[in-house]
Amino acid sequence: MTGNSRIRAIRVHDADNVATAITDLAAGDDPFANPDIRISVAIGRGHKIALAPIARGEAVIKYGFPIGIATADIAPGNHVHSHNLATALGRDGDYRYAPGTSETPPGTGSAPTFRGYARPDGRVGTRNEIWVLPTVGCVGNLATRVARIAGARHAGRIDGIHAFKHPFGCSQLGDDLGHTRALLAALAQHPNAGGVLIVGLGCESNQLGALLDLIPPDRRAHIRTLSAQAVEDDEAACLALVDELVDACAATPRRDVPLSVLVLGVKCGGSDGLSGLTANPLVGRMADAVAAAGGKVVLTEIPEIFGAEQLLMDRAVSRGIFDETVRLVQDFKQYFIRNGEPVSENPSPGNIAGGITTLEEKSLGAVQKGGKVPVVDVRRYGGEATLPGLTLLEAPGNDAVSSTALTAAGATIILFTTGRGTPLGFPAPTLKIASNSALAARKAGWIDFDAGQVLDAGFDAAADALLDLIVATASGEATRAESNEERDIAIWKSGVTL
């Protein structure tokens, strides 16, 4: 659908009874060259426009699927949003197993290579760094200080020395303690870390020994540990161990490696109404390209697939994976219910301001990040993606928690789409992909790639450009977040603190 000079609104699917404005529209505008659908009130970019009469109680359709129920009669040209649209999500899902509907996306010719760091266990990193991981918040500042001093001391020898502090590890019980321990153990094994120093205090719940028990012995050669209470000069002792780690990995060369060894994490945050039209489907093409080459793709944010989960279940490679996907979704719904929250408690205020009304709408846009890749595995929080194809990973929608979980699952590059923008960065190189060109221009210091260009140049040209950027980043080019020294973790807290 076009206006006078360029596309002004998009209808995603032939079955849709709404379109999405891709530029601000004024009352009286005729974005479809159709006098029967004139804009009734000003409608912002990313917001929805009724294309036909929608009666109260009727489903509103976008992406070819219901995104909620009209709460009032809606005339063509009217704004469709929170004032006249509500979620239809409930606690339970009626899921069907449909074997044979999943197929591996076709390759698009010879896959590119990148220059990565080959590790002894066969995995490949996109960075060669030293990571300092505190077991407990009490030694977080010690870890940060050690990383800062050692980073200056060894500048240029490796790709960086980073500490990842957090407030947990003590006074935790049950799943909370398990989450902290599993997450840190997984990070300690990440292929982007040529060396890891795990710093404990000594009296915390998250004991060094129990954490190390979660790490296979054949993955411990690059790991050193220190209990701060057990030495007189903890800072000097930590620095000596980091010196040792740098000496051991500094000579590791970058080598040409195939795209098949890349582990791609996909994430959206601060989404707007264009995220599901530009950035997320563009990332889906990257997922298809990596999977077609034999690589791994990891998708998380489980609450943000509610309402679209059947699309992923239809791509399960077996009945067992389908059943595990159902359990993952239902377990997360029960997590909401146990805490007295509705399963539809989403989108965020920023999402709503950007034009997303219901969780169904957000989810249908979000799952596009997984492309058409078959779902081959389901992993719980702290688990590692090990199979080529798409792995569903247990984690909440929170940007920092889910992106940290993606890194812990082995993601060596994260593609993070956003319509509102965020400066956050995580342990794995994180490319910020703007859903709209206005954000890309306004926050050039945050944004790595403008997916708004697909509206003018099309998906093919944008996909080629983004794949080139992924290869360059995997080969060592710094992301905006890395250049801004935005490198943080967040751990999922879901239980009692003593």
Side-chain angles (χ1 to χ4, degrees), residues 1-56 58-86 270-282 347 350-358 360-362 364-365 368 417-420 434-442 450-462:
M1 295 182 176
T2 60
N4 295 329
S5 59
R6 57 160 290 174
I7 296 172
R8 303 183 70 194
I10 290 178
R11 182 187 194 182
V12 183
H13 190 279
D14 288 344
D16 292 354
N17 54 15
V18 294
T20 301
I22 61 172
T23 186
D24 291 340
L25 299 173
D29 278 356
D30 175 16
F32 311 122
N34 181 344
D36 293 329
I37 311 177
R38 287 192 179 275
I39 302 304
S40 59
V41 296
I43 295 177
R45 183 189 68 221
H47 285 250
K48 293 176 290 299
I49 308 155
L51 297 174
I54 305 173
R56 179 180 179 180
E58 185 180 346
V60 174
I61 308 297
K62 184 178 177 183
Y63 303 111
F65 294 89
I67 61 169
I69 301 298
T71 58
D73 293 339
I74 306 172
N78 280 8
H79 184 202
V80 179
H81 199 33
S82 304
H83 61 288
N84 55 15
L85 172 62
S271 300
D272 68 356
L274 295 184
S275 294
L277 307 183
T278 60
N280 289 345
L282 182 61
N351 297 150
I352 294 169
I356 297 173
T357 310
T358 64
E360 298 101 302
E361 180 183 8
K362 185 176 183 180
L364 287 163
Q368 294 183 67
T417 67
T418 180
R420 312 279 296 177
S435 69
N436 61 85
S437 298
L439 172 63
R442 184 171 57 87
D450 174 17
Q453 64 184 279
V454 305
L455 299 174
D456 295 312
F459 274 103
D460 289 345

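None of the values given here were measured: they were computed from a predicted structure. Worth knowing before you read on, the calculation uses all heavy atoms, side chains too, and leaves out hydrogens, waters and symmetry mates.
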Practice prompt. Show the numbers, then the answer: is there a side-chain contact (heavy atoms from CB on, under 4.5 Å) between Ile54 and Val60?
Written response: CA-CA 7 Å; Ile54 305 173; Val60 174; 4.3 Å; yes
Practice prompt. May I have the step-by-step check of ring-ring contact (aromatic ring centres under 6.0 Å, His included) for His83 and His81, ending in yes or no?
Written response: CA-CA 6 Å; His83 61 288; His81 199 33; 7.0 Å; no
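Judged purely by distance below 3.5 Å, without hydrogens or angles, the side chains of Asp272 and Asn436 pair a donor atom with an acceptor atom. Side-chain contact, Thr417 with Asn280: a donor N or O sits under 3.5 Å from an acceptor N or O. Between Lys62 and Thr20, the side chains place a donor N or O and an acceptor N or O closer than 3.5 Å (distance only, hydrogens not considered).
Of the candidates Ile61, Val18, Leu277, Val12 forms a side chain to side chain contact (heavy atoms under 4.5 Å, CB included) with just one, namely Leu277.
To the nearest 0.5 Å, the span separating CG on Leu439 from CZ on Arg420 amounts to 9.5 Å. For the atom pair OH of Tyr63 and CZ of Arg11, the computed distance is 15.0 Å after rounding to the nearest 0.5 Å. Distance check, rounded to the nearest 0.5 Å: CD1 of Ile39 to NE2 of His79 gives 10.0 Å. Note that the CG atom of Asn351 and the OG1 atom of Thr358 stand 11.0 Å from one another [nearest 0.5 Å]. With values rounded to the nearest 0.5 angstrom, Leu51 atom CG is found 12.0 Å from Asp36 atom CG. To the nearest 0.5 Å, atom CG of residue Asn84 and atom CG of residue Asp73 are 10.0 Å apart.
Considering only heavy atoms from C-beta on, Ile67 comes within 4.5 Å of Lys48 through its side chain. Within the 4.5 Å cutoff, the side chain of Ile352 has heavy atoms near those of the Ser82 side chain. Taking 4.5 Å as the limit, every side-chain heavy atom of Asp29 sits out of range of all side-chain heavy atoms of Arg38. Residues Ile356 and Ser271 have side chains in contact (heavy-atom distance under 4.5 Å, counting atoms from C-beta outward). Taking 4.5 Å as the limit, some side-chain heavy atom of Ile22 sits within range of a side-chain heavy atom of Leu455. Using a 4.5 Å heavy-atom cutoff, the side chains of Thr357 and Val80 are not in contact. By the 4.5 Å heavy-atom criterion applied to side chains, Asp30 and Ile37 are not counted as neighbours. Counting heavy atoms from C-beta outward, Ile43 and Asp24 have side chains that stay 4.5 Å or more apart.
Gln453 places no side-chain N or O within donor-acceptor distance of the main-chain N or O of Ala462, the cut-off being under 3.5 Å. Asp16 places a side-chain N or O within donor-acceptor distance of the main-chain N or O of His13, the cut-off being under 3.5 Å.
Closest heavy-atom contact between Gly44 and Ala21: O-CB, 3.8 Å. For the pair Leu282 and Phe459, the tightest heavy-atom approach, listed with the atom from each and the gap, is N-CE2, 3.8 Å. In plain terms, the two heavy atoms of Ala50 and Ala75 that are nearest each other are CB-O, 3.4 Å. Looking at every heavy atom in both residues, Glu360 comes nearest to Pro66 through CB-O, 4.0 Å. Taking every heavy atom of both residues into account, Ala279 and Ser435 meet most closely at CB-CA, 3.9 Å. Nearest heavy-atom pair across Ala15 and Gly64 is CB-CA, 4.4 Å.
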